[in-house]
Amino acid sequence: MKRYIFLLFALFVFCSCEKVLEFDEGSSPRHMVLNAVPSAGEELFVNFGYSHLFLDSNVSYPVEGADIVVNLNGESLHPTRVHGCNYFFGRTLNEDDVLDVHVNACGKTMTASTYVPRFPQMTTPFCIVDTSDVFDYCNVSFRLTDLPDRSEYYRFRIQERDSGSRMNPWTKELDTIDTVYTTYFLCLDMPLFDNNKLTAGLSETESLGGYFYEQLLASDSLFNGESISVAFQLLLLVDTNEVEPFLHQYMLDVESMTPERYRYLKQVSTANSLMQFFTEPSQVYGNVSGGALGVFSGNARRKFPLNVQLPNPPHRKASTAKIKRVKK
Amino acid sequence: MIILFVMDGLLRIAKIRKKTLRMTKNHYLCSSFELALIMKRFIILFISIFFAWTVYAQTYTLSGTVTDASTGETLIGATVLDTRTGKGTVTNVNGRYSLTLKADSVKLRVTYVGYKTQNLDLKLNGNLKQDFVLSSALDLKEVTITAERVSDVKASRMSAMEIPVEQIKAVPVLFGEADIVKAIQLLPGVQSGSEGSSGMYVRGGGPDENLFLLDGVPLYNVNHLGGFFSAFNADAVKNVTLYKGSFPARFGGRLSSVLDVTMNNGNDKELHGNASIGFLSAKFNLEGPIVKERTTFCLSARRTYADFLLQPLVKKLAETDDGKSKLNAGYYFYDVNAKVTHKFNDNSRLYGSFYWGADKVYGKVRTLSSLQEDEYMNIGDNWGNLVGSLRWNYVLGPKLFMNLTASYTQYFNKMAGGIEKVAYMPNGEQTSTMSGDYSSGIKDMTFRADFDYTPNPDHDVKFGGYFLRHWFTPEVANVSIDYYDQIQMNSAWQTDTSLGGRVVPANEIVAFAEDDWSINNVVKVNYGLHLSGFKVENSFYPSVQPRISGRVLLGENLSLKAGYAYMTQYMHLLSTTSISMSTDLWVPVTDRVEPMKSHQFAAGVFYNWPKVVDFSLEAYYKKMDNLIEYKDGASFFGSSVNWEDLVVIGEGWSYGVEFLAQRSVGKFTGWIGYTWSKTMHLFDREGQQLNGGEPFPAKYDRRHDFSVVASYKFNDKIDVSATWAFSTGNAATLATQNYLIASDSPDDYVVDNGVNSIAYVEGRNNFRMPNYHRMDLGANFHRKFKKCHRTINVSVYNLYNRKNPYMIYRSTEHSYNGYASALVQLSLFPILPSVAYTLYF
């Protein structure tokens with residue numbers, strides 16, 4: 001009886017009600033969007049279409065009668081094929097290519113310019129695994145070299161390919177772990193840890209959590225035009241029951257980009273972060289003139305698969321024994 | 001030769017025509033002279049009038065206090081009127097009055113709402129101290145409040161309301177808890193935040209632009225339970241006055257409103273009290289003499305017990321097969337009001353007040369469970385106020401009263417979260433913790449002197465000053481880690497780090513003077529000057545703030561009024577547009593962020609239908625400068641050291657019309673209020689633009705606001721009340737168009753999966769939430785016993801279960817019009833009945 005009274009009370013007091021609201025679609029005008037990321041070593045394509053209602057998951061709303069021309073190093077290119085809102089130009093891009101795009105649609109003219117950065121010059125990344133008393137972690141290190149004279153920006157991402165699973169205490173099902181806890185420290189010849197306290201070196205990083213995976217966006221100002229060492233420290237979540245050596249496979253993605261793309265990604269990251277509830281609404285940067293949303297900015301990417309094999313440390317053997325909970 | 005002299009009580013001018021004059025040792029002797037009596041009415045400066053007052057002869061001053069017969073409580077705003085001359089005054093905040101009249105027969109009438117009128121005839125031939133003790137009118141068979149208070153028609157002030165506490169207690173309550181701020185929010189010109197959120201918005205001003213005073217001491221956060229209850233315990237309150245504009249010069253520091261709340265002093269005759277228990281909270285109030293008719297005390301306290309009630313339920317619902325609960329959550333608030341009053345003699349009283357209140361929200365979730373270890377996540381928020389004051393009231397003379405006050409107020413807030421890992425070892429449990437907390441606060445210490453000077457019935461002068469020391473602690477973040485290594489069996493890694501924590505002290509100094517001047521029987525003016533200076537770090541901001549309001553009587557019951565006030569505010573409340581929380585930060589002005597300022601003009605018509613209804617129709621225009629808002633993309637979790645980098649500075653304006661019909665007499669009382677208003681903001685300074693530099697509506701811009709409050713007292717045993725409140729929706733920022741994030745892979749342009757798109761914001765506050773309306777009903781059933789009486793309150797909040805908006809979001813769990821997602825509104829409080837039992841002794 002007490003339980004029912006509690007339930008009734010809770011129902012009255014803390015019942016929250018949801019209601020679907022009527023929404024007038026006519027009150028939300030569509031906007032033309034021009035997106036393109038000309039990438040070194042890839043075919044040039046431009047995505048041009050309408051924005052979509054926030055309730056709509058369909059994204060393909062082509063603009064009828066759009067005329068798109070890309071000027072590549074002085075040569076005018078027209079689309080060779082169109083698929084949905086993607087306009088392909090049948091041309092593979094190279095480093096240092098300069099591009100302008102002109103779009104005529106719905107009585108408006110939209111333009112934007114960019115260039116294709118050079119591939120990041122870097123040493124081959126290598127991994128050092130350390131199983132200290134505190135954490136198991138992997139240092140991924142490489143050096144960026146031959147930095148260009150112009151300002152350039154970099155993004156470093158690490159994504160885990162496959163991983164293990166863990167029992168979810170709520171659903172009683174096995175969850176596949178797609179990410180691990182990762183912490184990025186950009187080493188500027190400063191010690192990372194000093195008496196177990198995080199040093200000011202952390203403040204030099206610009207770690208912005210992405211929705212899928214962690215990423216680090218670094219501006220040229222941090223490099224100051226010099227070669228720099230980059231080290232990532234991956235804190236690995238380890239199941240203490242594990243007895244076999246565990247293989248972690250990662251993909252290291254290093255991308256050089258134009259200043260416009262850097263500025264764009266920073267704002268996208270802020271707008272879409274998990275903290276957005278506590279963040280003021282904002283417009284995302286775009287460099288397309290003429291009234292269209294979107295960004296036209298180049299990049300160049302290199303990817304490196306990393307295999308990290310954790311050894312089978314002695315302490316893990318001890319912990320694999322079934323430990324019964326001791327009741328005091 | 002012109003001479004000035006006094007004869008027969010009048011200042012006279014005489015022109016002397018010298019006929020013969022003999023000088024003897026610097027003395028002039030006149031053989032004869034002609035007096036030409038010239039009576040003129042001077043147009044004089046303020047100083048000349050002051051000297052003229054002092055040479056009035058043949059007038060005497062009546063002074064004293066007006067108190068409640070049964071409790072000894074002083075009565076604020078009681079009218080003391082000489083019906084023969086029509087001259088009168090009202091008692092001040094200490095219940096004292098001073099009335100200077102000509103030496104003659106005097107027919108005094110003392111009135112106060114809810115009390116029997118007292119008449120006294122006397123011959124005034126010297127300064128006289130005369131106290132009045134009024135009896136409650138509630139024991140009359142016909143329950144009629146017969147007082148004729150000085151109605152707002154005749155007062156020089158406008159945009160001000162004094163709400164009887166009894167009327168506030170009559171407003172239908174939630175969970176049996178009468179609430180002052182909730183009742184105030186039903187008045188025209190005053191809006192509440194959305195349901196479940198805190199804040200009071202007055203004439204287009206933000207929630208930080210309201211000055212809440214408890215016995216003259218500022219309170220910085222007056223909200224419990226997200227604004228559902230205020231920090232004011234109605235049982236401890238004697239008087240409530242709200243100023244929305246035309247602020248008297250003695251108030252300053254906020255742009256939009258002053259809510260002046262005075263606590264009870266305590267019954268000086270015998271011990272009384274009440275205890276109440278309701279659905280979610282319990283409270284008690286005790287007052288009485290420590291030394292009869294000399295020292296009194298008043299003590300009130302309340303606490304919710306929602307946590308005790310709901311915790312077992314929550315734990316039970318979240319129980320897992322191992323018998324442990326994976327969730328433990330709760331909420332509670334409490335507050336304590338205490339006051340001691342000591343009367344040294346008729347001229348000297350000492351008051352000590354204290355308030356302490358806090359809210360706590362907590363939750364603990366088990367995120368991992370195994371035979372070897374359990375892992376928990378803790379979250380919590382704790383906020384509250386601490387206030388203390390010491391006030392000495394002294395009668396310097398029949399026309400001059402003095403108040404000296406020393407006070408302290410503190411607001412604190414702390415959000416905390418952490419992870420706790422418990423490992424089950426052969427030798428016992430070992431715990432690792434990682435936690436962080438984020439706290440902010442503000443402290444004030446004030447020394448203040450106030451003087452009331454009533455030279456004659458036509459002038460009521462108030463002057464004084466205060467020094468205020470602030471300590472701002474906008475943000476402190478602490479991180480603490482204690483990691484236990486299971487193999488080494490020791491605390492392998494410990495850290496304790498603080499970030500921020502900078503205390504910003506500031507000094508504020510104020511001087512003020514105001515005069516309520518009855519120029520003649522038709523025109524009355526309240527004019528004054530508020531001078532202030534604010535010193536923080538390297539900046540000093542002086543401010544000269546003129547205030548003036550006046551009324552012209554068009555008849556006995558009809559008047560026109562107009563007013564102007566210039567206000568300056570030296571602190572801001574940083575709050576995001578998305579949410580309004582106790583985590584909002586109080587920050588001072590700086591070198592870069594100047595004080596907020598406002599100019600407010602108001603005009604209105606006031607009509608009193610005697611013993612029936614008071615009507616008022618007011619219009620206002622308010623211009624605000626140096627408003628601050630967070631920049632686009634800024635987060636309130638940023639460092640307080642650099643908060644100036646996160647905000648932009650702009651301006652705003654608000655205008656509107658307010659109508660009020662209020663009835664305070666008879667069995668049927670209440671009011672109808674309507675407001676039409678518009679509030680816009682503009683941030684277009686170079687490098688500080690919002691919304692592309694175009695004006696946009698403020699978050700709390702609501703076009704229409706309407707409320708009806710009605711109470712009916714059938715008899716001593718039953719009274720009922722009802723309210724209906726309606727307002728058009730708040731403005732909110734809603735991105736209604738999405739577009740995909742630019743990618744170098746064509747495969748990423750296939751579908752919007754909710755994480756690969758950008759929400760396009762058309763403009764700030766571009767969307768209107770659904771309208772808000774609800775009806776509440778309440779009934780009180782009274783019963784008298786030999787030594788006590790009890791009241792059972794039955795009330796229903798949101799009678800027709802209106803789903804009022806709390807927040808809106810896009811949900812993929814609902815569909816709309818063929819789309820796979822929908823815009824969903826979350827409502828907080830459905831129909832909520834409650835019962836409360838109160839025992840009075």
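In the text below, chain A, chain B and the rest are named by the order of the sequence lines, each starting its count at 1. All values below were derived from every heavy atom in this structure, side-chain atoms included, with hydrogens, water molecules and symmetry-related copies excluded. Note that the structure is a prediction, hence the values are computed from the model and not measured.
B:Tyr749 touches chain A through backbone and side chain together, each having a heavy atom under 4.5 Å away. Interface remark: A:Tyr50 contributes no atoms to any contact with chain B (heavy atom separation under 4.5 Å). Only the side chain of A:Phe45 comes within contact range of chain B, with heavy atoms under 4.5 Å apart. Proximity to chain A (any heavy atom under 4.5 Å) is shown, for B:Leu690, by neither the backbone nor the side chain. When heavy atoms are compared at a cutoff of 4.5 Å, B:Ala822 approaches chain A by way of both its backbone and its side chain. Residue contact with chain B, scored on non-hydrogen atoms closer than 4.5 Å, involves the backbone and the side chain of A:Ser57 alike. Contacts of A:Arg30 with chain B are made by both backbone and side-chain atoms, with heavy-atom separations under 4.5 Å. For chain A, the nearby part of B:Pro770 is the side chain; its heavy atoms alone come within less than 4.5 Å. With a threshold of 4.5 angstrom between heavy atoms, A:Pro38 does not approach chain B through any atom at all. When heavy atoms are compared at a cutoff of 4.5 Å, B:Ser745 approaches chain A solely by way of its backbone atoms N, CA, C and O.
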Apply the test side-chain contact (heavy atoms from CB on, under 4.5 Å) to residues B:Ile758 and A:Val268: give CA-CA distance (whole Å), side-chain angles for both, the deciding distance (0.1 Å), then the verdict. CA-CA 7 Å; B:Ile758 299 166; A:Val268 167; 3.7 Å; yes

Is there a side-chain contact (heavy atoms from CB on, under 4.5 Å) between A:Phe54 and B:Leu823 once you walk through the steps? CA-CA 9 Å; A:Phe54 71 112; B:Leu823 186 64; 3.8 Å; yes

Walk me through whether A:Glu25 and B:Asn817 qualify under side-chain contact (heavy atoms from CB on, under 4.5 Å). CA-CA 10 Å; A:Glu25 293 179 47; B:Asn817 224 14; 3.3 Å; yes

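To the nearest 0.5 Å, atom CG of residue A:Asn299 and atom CG of residue B:Asp744 are 4.5 Å apart. With values rounded to the nearest 0.5 angstrom, B:Leu734 atom CG is found 6.5 Å from A:Phe23 atom CZ. Within the model, atoms CG of A:Asp56 and CD of B:Gln737 stand 9.0 Å from one another, a figure rounded to the nearest 0.5 Å. Rounded to the nearest 0.5 Å, atoms NE2 (B:His814) and CD (A:Glu18) are 4.5 Å apart. How far CE of B:Met769 is from CG of A:Leu21: 8.5 Å, rounded to the nearest 0.5 Å.
Nearest approach of A:Val20 to B:Ser815, heavy atoms of both residues: CG1-O, 4.5 Å. When all heavy atoms of A:Phe88 and B:Pro746 are compared, the pair lying nearest together is CZ-CB, 3.8 Å.
Contact tally against chain B (heavy-atom pairs below 4.5 Å) for A:Ser28, A:Ser297, A:Ser27, A:Gly49: the top residue is A:Ser28. Of the listed residues (A:Val284, A:Asn35, A:Asn86), the greatest number of heavy-atom pairs within a distance under 4.5 Å of chain B belongs to A:Asn35. Chain B forms more heavy-atom pairs under 4.5 Å with one residue of A:Leu55, A:Val295, A:Val59 than with any other, namely A:Leu55. Note on B:Gly692, B:Ala735, B:Ala820, B:Ala742: by heavy-atom pairs under 4.5 Å with chain A, the leading option is B:Ala742.
Using a 4.5 Å heavy-atom threshold, the side chains of A:Lys19 and B:Pro805 count as separate.
Proximity of the aromatic rings of B:Tyr739 and A:His52 is defined here by a centroid distance below 6.0 angstrom, and this criterion is not met.
Remark: side-chain polar atoms of B:Tyr819 are not paired, donor with acceptor, to backbone N or O of A:Leu53 under 3.5 angstrom.
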